Amino acid sequence: MIIVVVSRVDSYLTTLLLLLLLPHILSVSSSDDAIPTTNSVIQLPDPRIKWGLEVPLIPTLLDSSYAIKTGLEVAFTEANQYSRMVFELIVRNHGYDNSLATESAAQIDRTAFGFIGFLGTGPLLASLNRISHDTPIVGTIAGGSAIRWNLIESNALPLQYRIINLRSDFNDESAVLIGEIATNWLDLERTAVVFQDDSFGWIGRDGLRVSLKHEDVTPLAEVGFQHLRVISGNTTWEEEARRVVDQIASKGTPRAVLIVATTGITADTIKAVVDRFGEHIIFGTLSCADADALARKMADRNIPRSVKVVMTQAVPSPSFSTQPVVVQYRNAMARFAPNESF
C-alpha cells in the first residue's frame, strides 16, 4: 500500500515559461528588419522555438524520463495549436553521466532557446558551466538547495542564471514525510536511512537528518546505495540492495526505513528489507521516486500489498485533485496521449 503525501504544489510553470518567452518574442517582432516598408515583402521571423530536454534513459530512471518526455510532448502539441510560434523538443540522453550531460548541454545551448525538464541533480550541476547565463533553464527536476549551493561555491550570483526549479526542496519534503509517519504510523526510534550515494542523494539524506533531529531521533543507520557501481557493471541492483540491508542489520532491526533514491532502487531496497526483516517495516520515500512506477515495480518483485510506503510528491494527484491545472493536464493527456497512464 502506497500513501502519497503532497508536500508542495508548483502550478506556475506555464506562466513562467511564457514570461521567459516574452522578451524573445518581443525582440524578434520589434527588430528593424521586421518593420515593413512601402512595396516591401514582409519577412516573418522563424516561428520555431526549440527547447532541450536532458534525461537519463537508464533502467532506474526510465519510467520518470519517459513520463517527462511524454508530458512535454503533449504540452507542446497542445500549445502549438493555439500559438503563432512552433515549440520543438530536442531530447538527449545523459545516462546519469556527468561528462555526457555536459557535452549534451553544450550542444543544446548552441542550438536551442533553452532547457526544459532537466532531470538529475548531479548532471545538471556539472552542466551549468557549459550553459550561457542568459539561457532559460525551466522546470529542472533537481534539489533546489544543491543548485543554490553550487552557484554560491562557484562564485556565481544565482540571478545570473534563469533557473526555474520545478520540485520542492528536500528539506520541505523531509519535514512532511517525517511528520506524517510520526503522527499517523509510529514513533521514529530505530529508523534507518538509505540514500543514493551522489549529490542528489546527499541532499535528501541531509534533509532527513534535520527532520529526524527535530524529533530528537538519531538514525539507526545511514547507508549509501552505490548505483554507479551497478551502472558500470561491477555489481547488480539486487546485490547492492542486499549489501545495504546487511549494513542496516549490523546496527540492529529497523522499524522504519527512509529511502532517498530513484524508483527502481527504492523498489529493490524495499524488497531486500522485507525479505530480511518482514512486512511490518514502514517505508518512507521522497518525490524522487514515482508513485505509479513504484507500485508497478513492487508488484513485479512480488512485494506483498500489505507493505506500507509513505511518499511525498511535489505535484497534486492527477487522479483525485480537482485543481484547474490538474483538470487541464488530464484533458490534454486524454486528447493527445490517450494510451498513456496518468
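Not measured: the values here are computed from a predicted model.
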> Among side-chain atoms of Y329 and Q323, is any donor-acceptor pair under 3.5 angstrom?
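No - no donor-acceptor pair under 3.5 Å links their side chains.
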
> Are I90 and V74 joined in one hydrophobic group, where the rule is that I, L, V, M, F, W and Y side chains link up if heavy atoms are under 4.5 Å apart?
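No; tracing contacts between hydrophobic side chains, which count when under 4.5 Å, never links both residues.
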
> So, the side chain of T312 versus the backbone of L177: is there a donor-acceptor pair under 3.5 Å, distance only?
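Not confirmed, T312 side chain does not pair with L177 backbone.
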
> Where is the tightest heavy-atom contact between R301 and G264, given as atom of each residue plus distance?
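Closest pair (atom of R301, atom of G264, distance): NH2-O, 4.1 Å.
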
> Taking F225's backbone N and O only, do any of them form a donor-acceptor pair with D197's side chain (distance below 3.5 Å, no angle check)?
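Checked: no pair found.
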
> Kindly indicate, with the supporting measurements, whether the criterion side chain to side chain contact (heavy atoms under 4.5 Å, CB included) is fulfilled by K213 and V217.
CA-CA 5 Å; K213 185 177 181 179; V217 173; over 6 Å; no

> Are any of the side-chain nitrogens in R243 or D246 under 4.0 Å away from the carboxylate oxygens of its partner?
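No, R243 and D246 are not salt-bridged.
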
> Taking the side chain as every heavy atom from C-beta outward, state whether F115 and S127 have any pair of such atoms under 4.5 Å apart.
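SC-SC contact between F115 and S127 ruled out.
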
> Indicate yes or no: at least one non-hydrogen side-chain atom of V194 is less than 4.5 angstrom from one of V260.
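No, side chains not in contact.
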
> Please determine, by modelled atom types, if R335 and Q81 share a side-chain donor-acceptor pair under 3.5 angstrom.
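R335 vs Q81: donor-acceptor pair found between side chains.
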
> Can you confirm whether the side chains of E340 and T70 place a donor and an acceptor under 3.5 Å from each other?
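No, because no side-chain N or O of E340 sits under 3.5 Å from a partner of the opposite role on T70.
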
> For residues L53 and F118, determine if any side-chain heavy atom of one lies less than 4.5 Å from a side-chain heavy atom of the other.
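No, too far: nothing below the 4.5 Å cut-off.
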
> Just wondering, do T262 and T266 contact through their side chains at under 4.5 Å, heavy atoms?
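They are not in side-chain contact.
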
> What I'd like to find out is whether the side chain of V193 reaches to under 4.5 Å of the side chain of V223, using heavy atoms alone.
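Answer no - side chains too far apart.
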
> Where do Q226 and V244 land on the side chain to side chain contact (heavy atoms under 4.5 Å, CB included) test, with the steps shown first?
CA-CA 9 Å; Q226 304 285 339; V244 167; over 6 Å; no

> V310 and L212: same hydrophobic cluster, using ILVMFWY side-chain contacts below 4.5 Å?
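Same cluster.
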
> Between A249 and R276, what is the shortest heavy-atom contact and its length?
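Heavy atoms of A249 and R276 come nearest at CB-NH2, 3.5 Å.
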
> Would you say the side chain of L258 lies within less than 4.5 Å of the side chain of I178, judging by non-hydrogen atoms?
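Yes, at least one pair of side-chain atoms sits under 4.5 Å.
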
> Donor-acceptor pair, distance only, cut-off 3.5 Å: does the side chain of E88 make one with the backbone of R48?
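No, the answer is negative, given that no donor and acceptor are paired below the 3.5 Å cut-off.
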
> In plain terms, say whether K308 and E279 are close enough for a salt bridge, that is, a side-chain N and a carboxylate O under 4.0 Å apart.
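Not counted as a salt bridge, because no side-chain N and carboxylate O are separated by less than 4.0 Å.
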
> Can you tell me if H280 has over 12 outside heavy atoms packed within less than 6.0 Å of its NE2?
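Above 12, so yes.
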
> Between atom CG of L119 and atom OG of S64, what is the distance when rounded to the nearest 0.5 Å?
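It comes to 6.5 Å.
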
> Under a single-linkage definition using a 4.5 Å side-chain heavy-atom cutoff for Ile, Leu, Val, Met, Phe, Trp and Tyr, are L125 and L100 assigned to the same hydrophobic cluster?
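Different clusters: L125 never reaches L100 through Ile, Leu, Val, Met, Phe, Trp or Tyr contacts under 4.5 Å.
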
> Starting at CD1 of I131, measure out to CZ of R110 and round the result to the nearest 0.5 Å.
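Between I131 CD1 and R110 CZ, I get 12.0 Å after rounding to 0.5 Å.
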
> In Å, rounded to the nearest 0.5 Å, how long is the span from CD of E103 to CG of N98?
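Those atoms lie 13.0 Å apart.
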
> Using side chain to side chain donor-acceptor pair (under 3.5 Å) as the criterion, list what pairs up with S99, not counting sequence neighbours.
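Expected list: D97.
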
> Would you name the heavy atoms of A261 and Q196 that are closest together and state the gap between them?
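The pair with the smallest heavy-atom distance is CA-OE1, 3.8 Å.
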
> Check K69 against E73 and note the closest heavy-atom contact, atom names and distance.
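What the structure gives for the nearest pair is NZ-OE2, 2.8 Å.
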
> What distance separates I259 CD1 from L286 CG, expressed to the nearest 0.5 Å?
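I259 CD1 to L286 CG: 10.0 Å, rounded to 0.5 Å.
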
> Taking all non-hydrogen atoms of both residues into account, name the closest pair between I181 and G284 and its distance.
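Scanning both residues completely, I find the closest heavy atoms to be CD1-CA, 4.3 Å.
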
> Is L188 reachable from I282 through a run of I, L, V, M, F, W or Y residues, each pair having side-chain heavy atoms under 4.5 Å apart?
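Yes; L188 is reachable from I282 via cluster members.
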
> Is there a salt bridge (charged side-chain N to carboxylate O under 4.0 Å, His left out) between K271 and D275 once you walk through the steps?
CA-CA 6 Å; K271 170 67 173 173; D275 287 348; 3.6 Å; yes

> Mind checking the CG-CD1 spacing from L220 to I248? Nearest 0.5 Å is all I need.
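It is 8.0 Å, given to the nearest 0.5 Å.
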
> I'd like to know if the side chain of S65 and the backbone of P56 have a donor-acceptor N/O pair within less than 3.5 Å.
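Between the backbone of P56 and the side chain of S65 there is a qualifying donor-acceptor contact (under 3.5 Å).
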
> Can you confirm if the aromatic rings of F113 and W51 lie within a centre distance of less than 6.0 Å?
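Yes, the ring centres sit under 6.0 Å apart.
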
> If you apply the rule side chain to side chain contact (heavy atoms under 4.5 Å, CB included), what do you find for V176 with D172, and how did you get there?
CA-CA 7 Å; V176 172; D172 299 325; 5.9 Å; no

> For the pair T263 (side chain) and D290 (backbone), establish whether a donor and an acceptor sit closer than 3.5 Å, ignoring hydrogens and angles.
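Between the backbone of D290 and the side chain of T263 there is a qualifying donor-acceptor contact (under 3.5 Å).
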
> I want to check something: taking the side chain as every heavy atom from C-beta on, are I141 and I68 in contact at a cut-off of under 4.5 Å?
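I141 reaches I68 side chain to side chain.
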
> Report the C-alpha distance between D268 and K297 in whole Å, list the side-chain angles of each, state the deciding distance to 0.1 Å, and finish with yes or no for salt bridge (charged side-chain N to carboxylate O under 4.0 Å, His left out).
CA-CA 9 Å; D268 285 330; K297 291 182 181 299; over 6 Å; no

> Give a yes or no on whether a salt bridge exists between R242 and E238, defined as a side-chain N under 4.0 angstrom from a carboxylate O.
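No salt bridge links R242 with E238.
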
> Could you pull out the closest heavy-atom pair between E54 and A101, with the gap in Å?
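That closest heavy-atom pairing would be OE2-O, 3.2 Å.
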
> Can you tell me if T135 and D109 form a side-chain donor-acceptor pair at under 3.5 Å?
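The answer is yes; a qualifying pair exists.
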
> Start with the C-alpha distance between F277 and V257, add both sets of side-chain angles, then the distance that settles side chain to side chain contact (heavy atoms under 4.5 Å, CB included), and finish with yes or no.
CA-CA 11 Å; F277 300 112; V257 176; over 6 Å; no

> Please round to the nearest 0.5 Å and tell me the distance separating atom NE2 of H94 and atom CD1 of I108.
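Spacing of NE2 (H94) from CD1 (I108) equals 9.5 Å.
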
> With the side chain counted from C-beta on, respond yes when M311 and L294 share a heavy-atom pair under 4.5 Å apart, and no when they do not.
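Contact flag for M311/L294 side chains = yes.
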
> Out of curiosity, does V138 fall in the hydrophobic cluster containing V55 (side-chain heavy atoms, cut-off under 4.5 Å, transitive links)?
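Yes; V138 is reachable from V55 via cluster members.
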
